[in-house]
There are 4 protein chains.
Amino acid sequence: MADRPEGCFAHEIRVTWGDCDPAKIVYTGRIPWFALDAINAWWETHVGEGWYQFEIDRNLGTPFVHMSLDFRRPITPRHRLICHTWPEALGATSITFRVEAEQDGTLCFEGRFVCVFTVADAFTKTAPPQDIRDIVTPHLPQG
Amino acid sequence: MADRPEGCFAHEIRVTWGDCDPAKIVYTGRIPWFALDAINAWWETHVGEGWYQFEIDRNLGTPFVHMSLDFRRPITPRHRLICHTWPEALGATSITFRVEAEQDGTLCFEGRFVCVFTVADAFTKTAPPQDIRDIVTPHLPQG
Amino acid sequence: MADRPEGCFAHEIRVTWGDCDPAKIVYTGRIPWFALDAINAWWETHVGEGWYQFEIDRNLGTPFVHMSLDFRRPITPRHRLICHTWPEALGATSITFRVEAEQDGTLCFEGRFVCVFTVADAFTKTAPPQDIRDIVTPHLPQG
Amino acid sequence: MADRPEGCFAHEIRVTWGDCDPAKIVYTGRIPWFALDAINAWWETHVGEGWYQFEIDRNLGTPFVHMSLDFRRPITPRHRLICHTWPEALGATSITFRVEAEQDGTLCFEGRFVCVFTVADAFTKTAPPQDIRDIVTPHLPQG
């Protein structure tokens, strides 16, 4: 796996009481949700549009076809959760994101997420628009 | 990957409007939550206790250390989601679950989930209690 | 407030570990979600369609304009949550639902929910379709 | 109802795709969750502790006994949701919060939320600690 690029995008999450289960740590079911928030924030920050604008304004979907996560340390509301997020690969019709999430400098979880680009209303694969390709490419580890 | 055992446990989920996003399909962030509900229901059905009773009544935790999911088809509220769920492996201090979820006979997602057994209040690894080992073992593919 | 009609619709919810917060009871933020699930299940059971089918198949929306809830007892995964649910009033363009939710015979929360009927894609108020009016009316306390 | 105090606390929420339902607006079930996030943020900002720290570090609970919300306008990811949040009343063992949430200068929902103070592990009512009373009082409309 490629290392995290230096200075890559960081999305901050305010973890709360309601995210936690009776073990006093964030419920596992919430964690992929956090990662998705970070990926959507990556798009919003770099393209100026997130999944909502992609779908409604561009008829562009990016549904997930795969995710895998490793949980390293419990997450609590004691610290903000910093989600380091970057695109790892851009294929002909797909994109892979990585997320490494830390609290107080310690890795809590890391994950890999693969999305395909689709014509949203037809739900068929498509190549990503050129402007998106141009924005993503310099952020790729080998970019 | 081992095939799904015949007649394995099936947990039924009533998918609703509120689970869906503007693409009119279940939001990806909800899907791991569904899988976890199925795994917890496996415990409730086979042991008579779920994660809540494990933690509160037995001081036994089963935190997740890994999950991976492949998303095959969109999920909608048109059909119940049937989550076929079984333990794939039982280690010295860990257990692996598989979930294959179908709607109307078509595979929607499949996933693998690894949990470790812990002394809940100490958050340290432990071997699973013997009664749990005895209940899980016959459900293993090679059991 | 009108009393709960005898034999009114009951929607059963399987409360889980992930619904609970570190106080070992269901997080308050989850409870309106449960009530909405019960109301949607009322529609599915009585009309054969829920919010998803209303919107997609009929272009009919029923957005909420008000909800109020009183929380009487904590909810836990120890028992199923039985949500007694009924329409209390049907206006020219609105409907009021009541939900009384019990665990083990004890009232946990009660709420009132007001929705308006809309032309979904125009987001304008409308009268409910006659078939829905005919289905709802006999279930009203004064019906 | 008392008017919103000038310059009262505002909690900003980044509304996302995953918060929305197929009507392309935030699902009603998510909205009380947003309001609770705003109230918890009020505590974090003014006391330096939220519900998590109250419960774990002080054995202090503030469970909700009532909430009521009026939904004025749909919420979308097009704008941040600004949740104006203030304590409206402080009783012997209870506190009432108000939330008025706006997008792009337009009121989207408003709500009133009543919590009681409890000894968390005993789940019995109690008076709020004096430091909390001292912090809350000047923020009351009549303070």
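First the proteins, then the strands, lettered A, B, ... as listed; each starts at 1. The figures here come from the full heavy-atom set of this structure, side chains too, leaving out hydrogens, waters and symmetry mates.
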Which portion of A:I25 sits near chain B, non-hydrogen atoms under 4.5 angstrom: side chain
Begin with the C-alpha distance, continue with both residues' side-chain angles, and end with the deciding distance and a verdict on side-chain contact (heavy atoms from CB on, under 4.5 Å) for B:L69 and A:F64. CA-CA 10 Å; B:L69 294 106; A:F64 286 77; over 6 Å; no
With chain B, which of A:P22, A:A35, A:G29 has the greatest number of heavy-atom pairs at distances under 4.5 Å? A:G29
Quick one: does A:F123's side chain get under 4.5 Å of B:P74's, heavy atoms only? yes
Under 4.5 Å from any heavy atom of chain B, what part of A:A120 do you find: side chain, backbone, both or neither? neither
Report the donor-acceptor contacts between chain B and chain A below 3.5 Å as a table, one pair per row.
residue: B:V65; atom: O; partner: A:F71; partner atom: N; Å: 2.9
residue: B:H66; atom: ND1; partner: A:L69; partner atom: O; Å: 3.1
residue: B:H66; atom: ND1; partner: A:D70; partner atom: OD1; Å: 2.9
residue: B:M67; atom: N; partner: A:L69; partner atom: O; Å: 3.0
residue: B:M67; atom: O; partner: A:L69; partner atom: N; Å: 2.8
residue: B:L69; atom: N; partner: A:M67; partner atom: O; Å: 2.8
residue: B:L69; atom: O; partner: A:H66; partner atom: ND1; Å: 3.1
residue: B:L69; atom: O; partner: A:M67; partner atom: N; Å: 2.9
residue: B:D70; atom: OD1; partner: A:H66; partner atom: ND1; Å: 2.9
residue: B:F71; atom: N; partner: A:V65; partner atom: O; Å: 2.9

